[in-house]
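I have placed the structure first, in the form of structure tokens, so that the comments after it can refer back to it.
Note that the structure is predicted; figures quoted are calculated from it, not measured. Reminder, nothing fancy here: chain letters follow the sequence lines and each chain counts from 1.
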Amino acid sequence: MYALVDCNCFYVSCERLFRPELNHKAVVVLSNNDGCVVARSPEAKELGIKMAVPFFEVREFYDRGELHVFSSNYALYGDISSRVMSTLEALAPAVEIYSIDEAFLDLRGMQLNYDLNRYGHQIKQRIHKWVGVPVGVGIAQTKTLAKLANYAAKHYPKTLGVVDLSAASWRSRLLKKTNVADVWGVGRRTAAKLYAEQIFTAADLAESDAEAMGKRYSVMLQRTILELRGIPCFNFAEQPTEKQQVLCSRTFSSRLTELPPLKEAVREYAVRAAEKLREEKGLARYISVFLRTNPNARFEVKYANSAAVTLPNPTCDSRVLMSIAVQLLEQIYLPGYRYMKAGVMLGDIQPHNSYQVDLFNPDLHSPKSQQLMKTLDEINQRYHRGVTFVGQGFEQNWSMQRQHLSPSYTTSWQDLRRVRC
DNA sequence: TCTGGGGTCCTAGGACCC
DNA sequence: TCTGGGGTCCTAGGACCC
């Protein structure tokens with residue numbers, strides 16, 4: 001048996017922790033650059049605000065004082081997330097952290113000694129008491145069914161936030177009630193095709209010919225069908241696997257046209273990506289840079305391009321990655337466009353303690369480089385942006401907008417800076 | 001005027017090998 | 001008239017997730 005524990009409108013719940021007067025009010029959290037709505041309180045959903053709509057489309061609610069708005073504060077959400085996860089780790093035999101706001105629990109064997117429904121409520125109460133955010137709990141034989149149970153826990157108030165699908169009768173009832181588009185792994189495209197062949201509910205999908213569907217759609221859908229029948233196909237992964245790629249990209253606060261500020265931004269992203277890579281204890285051999293104008297603009301000339309290179313030897317040195325990123329940018333930059341976004345991607349990642357050096361090319365992971373990067377990271381862990389490269393720029397006028405940012409309640413960057421000033 | 005930022009897995013097709 | 005059979009690796013693109 002598996003449980004899926006998922007925090008309700010997580011980012012909103014994090015903000016409410018420190019602003020309890022916003023409980024029972026319409027609240028949303030915006031994506032970076034205050035672009036789209038990425039989290040909504042139930043009251044905001046009632047206003048008809050859909051997931052991922054651009055903020056300017058719902059701004060009227062805010063202007064009328066009916067909606068409270070926050071820019072995303074990932075330092076806060078990351079910290080609250082780790083509190084939720086460590087609480088879960090004390091409650092379950094094994095935990096797979098699936099995303100910032102949800103985790104699978106492996107309950108193998110527990111059904112013999114526990115009433116799983118009661119156990120689900122214990123989890124919910126413990127997290128509420130210790131961390132303060134509301135969660136939903138879904139319990140079932142496979143991950144896909146646990147997802148479905150969790151979905152039911154959130155959508156049907158009668159469940160009080162916990163659904164246990166151990167009983168076959170409950171399972172088939174829920175499958176019949178659930179739209180096939182709400183099944184984990186069925187996206188918009190697949191759902192549209194399924195409707196066309198008269199598959200409307202999760203039950204319809206579960207009863208379809210798994211092998212034939214696998215051939216017509218994909219093996220992923222085939223596995224989903226089996227999972228809906230209670231046959232596990234997706235493994236439980238307690239240990240996070242090493243990342244295959246690391247990406248840093250941002251939308252600029254305003255459109256950029258000239259090369260110098262674009263270079264600054266790309267250097268900044270390369271340095272951030274290199275930091276993430278070192279956190280992963282990885283070395284990258286593949287580096288790619290992309291650049292694009294606004295794909296949604298109707299009356300604008302569009303342009304998007306990317307360039308990549310594979311290095312002879314892998315590295316995590318910010319200086320190397322930064323200078324290569326700028327060279328790649330120069331290959332794809334064209335004057336005359338209003339650029340909206342750029343990004344740096346690192347791939348072909350290998351562990352830093354076991355890699356092969358190409359003898360005929362310089363080692364980009366020399367002891368000197370390692371020492372320098374270690375020192376850099378140590379300083380920057382203590383002092384936010386303590387050491388930066390000149391090329392990253394000082395003003396960074398292109399850097400994103402966050403007009404509705406909450407304070408760092410639980411992390412100390414901003415406060416520390418203020419004290420030191 | 002105004003639209004995020006990460007990731008994963010799978011597949012088809014091309015290039016190449018013997 | 002008429003040209004095999006078995007592989008691997010890489011990449012781009014699609015679909016999905018949060």
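Among the heavy atoms of the strands lying under 4.0 Å from A:Arg223 are primed sugar atoms or P, OP1, OP2 only; no base atom is included. Using a 4.0 Å heavy-atom distance criterion, A:Glu57 is classed as making no nucleic acid contact. Residue contacts shown for A:Ser72 are absent, as no nucleic acid heavy atom lies under 4.0 Å away. Counting any heavy atom pair closer than 4.0 Å across all strands shown, A:Met340 reaches sugar-phosphate atoms only and no base atom. At the heavy-atom level, A:Asn32 lies under 4.0 Å from the strands shown only through sugar-phosphate atoms.
Note: CD (A:Gln244) to P (C:dT11) measures 14 Å, nearest angstrom. The distance from atom CD1 of A:Ile349 to atom C1' of B:dT8 is 13 Å, rounded to the nearest whole Å. Per the geometry, OH belonging to A:Tyr286 stands 13 Å off P belonging to C:dC10, to the nearest Å. Here the C1' atom of nucleotide B:dT1 and the CZ atom of A:Arg255 are 9 Å apart, to the nearest Å. Between A:Arg189 atom CZ and C:dC16 atom P there is a gap of 7 Å when expressed in whole angstrom units. At whole-Å resolution of the value, CZ in A:Phe70 and C1' in B:dG4 are 19 Å apart. Rounding to whole angstrom units, CD of residue A:Glu280 and P of B:dG6 are separated by 14 Å. The nearest whole Å value for the distance from the CZ atom in A:Phe55 to the P atom in B:dT3 is 13 Å.
Side chains of A:Gln401 and A:Ser253: no donor on one and acceptor on the other come within 3.5 Å. A:Thr315 and A:Asp317 are not linked by any side-chain donor-acceptor pair at a separation below 3.5 angstrom, with hydrogens and angles left out of the test. Judged by distance alone, the side chains of A:Glu211 and A:Gln222 never bring a donor and an acceptor atom under 3.5 Å apart.
Contact annotation: A:Lys341 does not reach the phosphate of B:dT3 (side-chain N/O to OP1 or OP2, under 4.0 Å). Regarding contacts with the backbone of B:dG4, every side-chain N or O of A:Ser249 stays at 4.0 angstrom or more from both OP1 and OP2. A:Arg250 has a side-chain polar atom (N or O) that falls below the 4.0 Å cut-off from OP1 or OP2 of B:dG6. Within the structure, every side-chain polar atom (N or O) of A:Thr251 is placed at least 4.0 Å from both OP1 and OP2 of B:dT3. Within the 4.0 Å cut-off from OP1 or OP2 of B:dT3, at least one side-chain nitrogen or oxygen of A:Asn294 is found.
Among the nucleotides B:dT8, C:dC16, B:dG6, the one closest to the side chain of A:Leu247 is B:dG6. In the set B:dG4, C:dC18, B:dT3, the nucleotide with an atom closest to the side chain of A:Asn296 is B:dT3. Considering only side-chain atoms of A:Met220, the nucleotide from B:dC9, C:dC18, B:dG5 that sits closest is B:dC9. With B:dC2, C:dC17, B:dG4 as the choices, the nucleotide that has an atom nearest any side-chain atom of A:Tyr98 turns out to be C:dC17. Of the listed nucleotides (B:dC2, C:dC17, B:dT3), B:dT3 has the atom at the smallest distance from the side chain of A:Pro54. When distances run from any side-chain atom of A:Val38 to the nucleotides B:dG4, B:dT3, B:dT8, the shortest one goes to B:dG4.
DNA chain C is contacted by A:Val183, A:Trp184, A:Gly185, A:Val186, A:Gly187 of residues 180-187 of chain A, taking any non-hydrogen atom closer than 4.0 Å.
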Task: Chi angles and distances behind the ring pair (Phe, Tyr, Trp, His ring centres under 6.0 Å) call for A:Phe104, A:Tyr2 - done: CA-CA 7 Å; A:Phe104 286 102; A:Tyr2 300 99; 7.2 Å; no
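C:dG4 and B:dC17 are spaced 15 Å apart, taking the C1' atom of each and rounding to whole Å.
Taking the ring axis of A:Tyr337 as reference, the NZ or CZ atom of A:Lys302 does not stay both within 45° of it and closer than 6.0 Å to the ring centre.
Enclosure of atom CZ in A:Arg64 by more than 12 non-hydrogen atoms of other residues, nucleotides or ligands within 6.0 angstrom is indicated.
Using cut-offs of 30° and 60° on the angle between ring planes, the pair A:Trp184 and A:Tyr98 is perpendicular. Aromatic ring pairs are classed by plane angle as parallel below 30°, tilted from 30° to 60° and perpendicular above 60°; the pair A:Phe55 and A:His404 is perpendicular. Note on ring orientation: taking the six-membered ring where Trp is involved, the planes of A:Trp398 and A:Phe252 are perpendicular (angle over 60°, cut-offs 30° and 60°).
DNA chain B is contacted by both A:Tyr217 and A:Lys276; A:Lys276 maps to the nucleotide lying nearer its 5′ end (nearest heavy atom per residue).
Under the Watson-Crick and G-U wobble criteria, each requiring two contacts below 3.5 Å, nucleotide C:dC18 is paired to B:dG5.
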